[in-house]
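Down below is the structure, laid out as structure tokens.
Predicted model, so just to flag it, every value in this text is computed and none were measured. We use all heavy atoms of the structure for the numbers below, so side chains are in, but hydrogens, waters and symmetry mates are not.
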Amino acid sequence: AAAAAAAGSSSGGLSAEDLERYKAQYDCITRLVAAYESEPDNTAKIMDLLQQMQACGEPPAEIVQEMSSAIAADLPAGVGGHGAEGSNPAAGMDFEGLDFGDVDLEALPQELKNCPVQ
């Protein structure tokens, strides 16, 4: 019990499940980086490692937020929710003439209408 308490105090308040998942993700990322550096043309190995990493679940929210901010900083104004058009990256785009089949875009739930990735 003392070891579990010590592990909890050194893990920044993470649950044991989250801590194990993050350790597995770290291991996958370490192996993925090594594969990129040593065997950049070994697509099968890299894809396998990517799948293993995805199987570990979502990365920590702080990392996702940091990555999102870094990606958004590299996007042109008006893309990815930035710019004068507000938070909808599709705002101001001309969809006239595009074929969406039988999909009634106005009937989509609000969360899909404002989704930055579709």
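- Between Gln25 atom CD and Gln54 atom CD the span is 11.0 Å, to the nearest 0.5 Å.
- Legend: residues meeting side chain to side chain contact (heavy atoms under 4.5 Å, CB included) with Ile29, ordered by chain and number and at least two apart, are Val33, Met53.
- Pairs of residues two or more places apart, or lying in two chains, that qualify as salt bridge (Lys or Arg N to Asp or Glu O under 4.0 Å) and include a residue from residues 12-25 are Asp18-Arg21.
- Among pairs with a residue in residues 34-43, those fulfilling salt bridge (Lys or Arg N to Asp or Glu O under 4.0 Å) read Glu39-Lys45, at least two apart in sequence or across chains.
- Residues that satisfy the salt bridge (Lys or Arg N to Asp or Glu O under 4.0 Å) test with Asp48, not counting sequence neighbours, are absent from this structure.
- Between Ile46 and Pro40, the closest heavy-atom pair is CD1-O, 3.8 Å.
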